[in-house]
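Chain letters run A, B, ... following the sequence lines, proteins first and then strands; every chain starts at 1. Below, all heavy atoms of this structure are taken into account, side chains as well, without hydrogens, waters or symmetry copies.
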Protein chains: 2
Amino acid sequence: MEALINLILQFGDLNKQQIEFLLSKVEMLEFKKDDYLSEAGKVPRYVAFVLEGVFRFCYYNNKGEEITNYFVDEGNFVVDNQKFESQIVASEYVQAVTDCKVLVFNKKNWDQISDTIVGWEMMKANMVKKCLTLAMERRSPLVSEDATTRYLSFIEAFPNMINRIPLSYVASYLGITQQSLSRIRRNIR
Amino acid sequence: MEALINLILQFGDLNKQQIEFLLSKVEMLEFKKDDYLSEAGKVPRYVAFVLEGVFRFCYYNNKGEEITNYFVDEGNFVVDNQKFESQIVASEYVQAVTDCKVLVFNKKNWDQISDTIVGWEMMKANMVKKCLTLAMERRSPLVSEDATTRYLSFIEAFPNMINRIPLSYVASYLGITQQSLSRIRRNIR
DNA sequence: CAAAGCATTTATCATTTGGTAAAAAGCGCC
DNA sequence: GGCGCTTTTTACCAAATGATAAATGCTTTG
């Protein structure tokens, strides 16, 4: 709980009452490895905060290949924000890469927070902005660098994920086949 | 002017007075092809709205290669938002790809708008969110697809830029050499 | 422990892309 | 029109990555 509050307080001040209120709206959930937090074709149900584990965003391209877009681990929010806020069906999956424990807000509770805490909308907007900016900074270099450089910068961006994520997910995040990634790892050693 | 107001009104309502006030804070500037709107190592001076022309974001990697990150054309804001808001030095250049005409807000005026128009902060946050989301959607597919597919989706994302942007910029945006892009164009025909 | 089911690594060859260099095309300028 | 400059296209070979297939390694489970 504390980790969630600490994160939120980086984006604005809340008094004790407001924090109490927030926590009264939260629910703890567990996801087994490979479970979906939200699915393409369905409306996302939760804003989730990761207590334990790793999630990934992924989708399928027109060749039926599964593409991993992004990883999220402990201490961060994981949500298909745009689709959650407007309650429309998602085009991406959010899947547990490991067993996960999360705190979630459902849409009703999430909206009640906006209605109750003055300034919450602004805090929320800044949280979203920060997440998107970070994601952009991490994704952008993936286009222009060669595969080895991309892999090295992946390790830098997600240092404590490397031992918990299947090789194939990392490979698709980097835009290469898993065979290529395996080869790259050999050459690095 | 009207284009600017129309864009802004998509993110919230403003009365006539507020629109007047906004317009009193704006300044028209022209940039010649290759001029910089903002530079790496300098604090961005303006939020700019493009009336005519195309800008690009670019930077230099550790091999001294120039990498184009993004393009912005008529009807859109162009600004290194994060660096502008916090007034810290940028690491990217924003350069005119063609001769450009823009409306700009300097930092002082931009802040005055926040102080004057109730709800402006929220509108601003939503504008930034929208821009970042769009940029993410455009950049992400560039990682996982092959070069030909990337080029085709570039044309789709920026249909009226293709004849105004040097081949080399497009190539670096797509993460390939200009020779490769030239070859790809030949094969498409 | 053995068997089965995944995940990862290797190997081989085809294809794509990069690097270098040079030719061709486009464009402003005198 | 011709000259100089920049941009784009070609060509050639080297290097990186993809596709396919098989081998190895690692877990789970009975």
Counting only pairs under 3.5 Å, give me each side-chain donor-acceptor contact of residues 39-47 of chain A, with atom names and distances, residues two or more places apart or in other chains.
none

>> Going 5' to 3' along DNA chain C, which are the first and last nucleotides with any atom under 4.0 Å from a heavy atom of chain A?
In response: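 Footprint of chain A along DNA chain C, 5' to 3': C:dT8 to C:dT10.
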
>> Reading DNA chain D in the 5' to 3' direction, which nucleotide is the first one with an atom under 4.0 Å from a heavy atom of chain A, and which is the last?
In response: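 First-to-last contact on DNA chain D, by the 4.0 Å heavy-atom rule, is D:dT17 to D:dA21.
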
>> By the salt bridge (charged side-chain N to carboxylate O under 4.0 Å, His left out) test, which pairs, at least two apart or in different chains, include something from residues 151-168 of chain A?
In response: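 Of all non-adjacent pairs touching residues 151-168 of chain A, those that pass salt bridge (charged side-chain N to carboxylate O under 4.0 Å, His left out) are A:Glu74-A:Arg164.
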
>> For residues 78-87 of chain A, which residue pairs pass the salt bridge (charged side-chain N to carboxylate O under 4.0 Å, His left out) check, not counting sequence neighbours?
In response: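 Passing the test, one end in residues 78-87 of chain A: A:Glu85-A:Lys124.
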
> Heavy atoms under 4.0 Å, any strand shown: does A:Arg183 hit a base, just sugar-phosphate, or nothing?
Replying inline: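 Base: the residue A:Arg183, judged by heavy atoms under 4.0 Å, touches a nucleobase.
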
> Within the structure shown, what part of the strands sits under 4.0 Å from A:Ser168 by heavy-atom distance: base, sugar-phosphate, or nothing?
Replying inline: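 Counting heavy atoms under 4.0 Å across all strands, the contact made by A:Ser168 is with sugar-phosphate only.
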
>> Run the ring pair (Phe, Tyr, Trp, His ring centres under 6.0 Å) test against B:Phe49 and tell me which residues pass, sequence neighbours left out.
In response: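 Result, ring pair (Phe, Tyr, Trp, His ring centres under 6.0 Å) vs B:Phe49: B:Phe77.
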
> Other than A:Met122, which residues form its hydrophobic cluster under the rule that side-chain heavy atoms must be closer than 4.5 Å?
Replying inline: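 B:Met122, which link up through side-chain heavy atoms under 4.5 Å apart, make up the rest of the cluster.
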
Identify every side-chain donor-acceptor pair in residues 169-182 of chain A under 3.5 Å, counting partners at least two apart or on other chains, and give the distances.
unit_1	atom_1	unit_2	atom_2	d
A:Ser172	OG	A:Thr68	N	2.7
A:Ser172	OG	A:Thr68	OG1	3.4
A:Thr177	OG1	A:Ser180	N	3.2
A:Thr177	OG1	A:Ser180	OG	3.0
A:Ser180	OG	A:Arg183	NH2	3.3

> Quick one, which residues of residues 170-182 of chain A touch DNA chain C with a heavy atom under 4.0 Å?
Replying inline: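 Contacting residues: A:Gln178, A:Gln179, A:Ser182.
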
>> Per the side-chain hydrogen bond (donor to acceptor under 3.5 Å, both in side chains) rule, what does the pair list look like for residues 25-38 of chain A, sequence neighbours excluded?
In response: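 Every pair satisfying side-chain hydrogen bond (donor to acceptor under 3.5 Å, both in side chains) with a residue in residues 25-38 of chain A: A:Lys25-A:Gln112.
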
> Thinking salt bridges, do A:Asp111 and A:Lys107 make one under a 4.0 Å N-O criterion?
Replying inline: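 Here A:Asp111 pairs with A:Lys107 in a salt bridge, since their nearest N and O are under 4.0 Å apart.
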
>> Here's a test of your reading of the structure: between B:Leu167 and A:Thr148, which maps to the more 5' nucleotide of DNA chain D?
In response: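 Closer to the 5' end of DNA chain D: B:Leu167.
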
Exercise answer: donor-acceptor pairs, residues 3-17 of chain A side-chain atoms, under 3.5 Å, sequence neighbours excluded:
unit_1	atom_1	unit_2	atom_2	d
A:Asn6	ND2	A:Glu2	O	3.4
A:Asn15	OD1	A:Gln17	N	3.2
A:Asn15	OD1	A:Gln18	N	2.7

>> Applying side chain to side chain donor-acceptor pair (under 3.5 Å), can you list everything that pairs with B:Glu65, at least two apart in sequence or on another chain?
In response: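 Per chain and number, B:Glu65 pairs via side chain to side chain donor-acceptor pair (under 3.5 Å) with B:Asn61.
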
